[in-house]
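A short worksheet on the structure shown next.
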2 protein chains.
Amino acid sequence: MSSDALFAALASPARRRLLELLLREGDQPAGRLAERFDMSRPSVSEHLKVLRDAGLVAEARRGRERHYRLEAEPLMSLRDWLSPYERFWRERLAALGTILDEMPSTMDEKDDD
Amino acid sequence: MSSDALFAALASPARRRLLELLLREGDQPAGRLAERFDMSRPSVSEHLKVLRDAGLVAEARRGRERHYRLEAEPLMSLRDWLSPYERFWRERLAALGTILDEMPSTMDEKDDD
DNA sequence: TTGATAGGTAGGATATTTCCTACGTATAGT
DNA sequence: ACTATACGTAGGAAATATCCTACCTATCAA
């Protein structure tokens, strides 16, 4: 409902890395995820909690392990949030193109970057 | 370059609101933006600084005013960040569709939630 | 030049985040 | 039943974020 939790969850590099690991390597138990981090296991566990609260991951208990899986749905609301900005961006690009089209053609120099 | 500053900038509701104001109402001087907030003008000014540092807004000095405008380009890197998750999301949706297709057709009950 | 306006910066109080080391709970294996 | 493993939670230290009230600078207008 509130996108605040979503944006806040994504603000931490550690949490974005967790999402990326789940995306690229699939579901994993918490411990296996934690191994990859320089930080303590409980800290990773807390980051997982933030992601859980934001609906970005879900856990499934398998024996004494807890397997986490990516839940991408909330990210689709991020895409929705983004889209008017994308429209804005495209309009600016289009306007820039028009300006360039209207420029004297004698201005053809090489541009490198 | 680093997306950390971008995500961090978007983490604050006040800053997202600033972006939205610039998107929907166009360029505005800092003071006019600040009027809309419950917080003090210097606080808004600091939020604008964070947005500036993230490349999300640019200022143009006009007399004693500073007009801010939206710079949507960094948000396009957010879209890029998002896209693999969107692909993931679509694949899950497709998989769900397949499962539903393979279900016995006798299972058509109403579901409410 | 003097005064008013626009808006940034400094310093500080308070809240929040991030990380840690214990510690608790549940499951698996013996 | 006992021990080890997996993993969360508690409590707290330290860093960072958020907000405030001064305060400073630059421009405009008389």
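Predicted model only: the values in this text are computed from it and were never measured. Residue numbers start from 1 in every chain, and the chains themselves are labelled A, B, ... in the order their sequence lines are given, proteins ahead of strands.
For A:Arg87, the side chain to side chain contact (heavy atoms under 4.5 Å, CB included) partners are A:Ser83, A:Pro84, A:Glu91, not counting sequence neighbours. For A:Phe88, the ring-ring contact (aromatic ring centres under 6.0 Å, His included) criterion is met by no residue, not counting sequence neighbours. B:Pro42 pairs by the side chain to side chain contact (heavy atoms under 4.5 Å, CB included) definition with B:Ser40, not counting sequence neighbours. In terms of the ring-ring contact (aromatic ring centres under 6.0 Å, His included) criterion, residue partners of A:Trp81 (sequence neighbours excluded) are, by chain and number, A:Phe7, A:Tyr85.
Residues B:Val50 and B:Leu75 do not share a hydrophobic cluster, defined by chaining ILVMFWY side chains whose heavy atoms lie under 4.5 Å apart.
Sequence neighbours left out, not one pair with a member in residues 19-67 of chain B passes ring-ring contact (aromatic ring centres under 6.0 Å, His included). Listed by first then second residue, pairs satisfying salt bridge (charged side-chain N to carboxylate O under 4.0 Å, His left out) with a partner in residues 69-82 of chain B read A:Glu86-B:Arg79, B:Arg69-B:Glu71, not counting sequence neighbours. The salt bridge (charged side-chain N to carboxylate O under 4.0 Å, His left out) analysis of residues 32-42 of chain A, with sequence neighbours excluded, yields the pairs A:Glu25-A:Arg36.
Between the B:Arg15 side chain and the B:Ala8 main chain, a donor and an acceptor come within less than 3.5 Å of each other.
Contact annotation for B:Tyr68: backbone-only contact, meaning every heavy-atom pair under 4.0 Å involves sugar-phosphate atoms and none involves a base.
Listed in residue order, the members of residues 12-27 of chain B having a heavy atom less than 4.0 Å from DNA chain C come to none. Residues from residues 41-66 of chain A with heavy atoms under 4.0 angstrom of DNA chain C, sorted by number: A:Pro42, A:Ser43, A:Glu46, A:His47, A:Gly63, A:Arg64.
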All N/O donor-acceptor pairs, side-chain side in residues 52-61 of chain B, below 3.5 Å, sequence neighbours left out:
{"unit_1": "B:Arg52", "atom_1": "NE", "unit_2": "B:Tyr68", "atom_2": "OH", "d": "3.4"}
{"unit_1": "B:Arg52", "atom_1": "NH2", "unit_2": "B:Tyr68", "atom_2": "OH", "d": "3.3"}
{"unit_1": "B:Glu59", "atom_1": "OE1", "unit_2": "B:Tyr68", "atom_2": "OH", "d": "3.2"}
{"unit_1": "B:Glu59", "atom_1": "OE2", "unit_2": "B:Arg61", "atom_2": "NE", "d": "3.4"}
{"unit_1": "B:Glu59", "atom_1": "OE2", "unit_2": "B:Arg61", "atom_2": "NH2", "d": "3.1"}

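Put simply, chain A comes within 4.0 Å of DNA chain C, heavy atom to any atom, from C:dT18 to C:dA28, going 5' to 3'. Of all nucleotides in DNA chain D having an atom under 4.0 Å from a heavy atom of chain B, the first and last in 5' to 3' order are D:dT18 to D:dC28.
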Query raised in the report: Do A:Ser12 and A:Arg17 pass the side chain to side chain contact (heavy atoms under 4.5 Å, CB included) test, and can you show the C-alpha distance, the side-chain angles, and the key distance before you say yes or no?
Result: CA-CA 9 Å; A:Ser12 150; A:Arg17 179 133 173 269; over 6 Å; no
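Going from atom CG of B:Leu21 over to atom CZ of B:Arg16 covers 13.0 Å, rounded to the nearest 0.5 Å.
When each of B:Leu51, B:Leu19, B:Asp27 is tested with B:Leu70 by the rule side chain to side chain contact (heavy atoms under 4.5 Å, CB included), just one qualifies, namely B:Leu19.
Mapping A:Ala8 and B:Gly31 onto DNA chain C via the closest heavy atom, the residue that lands nearer the 5' end is B:Gly31.
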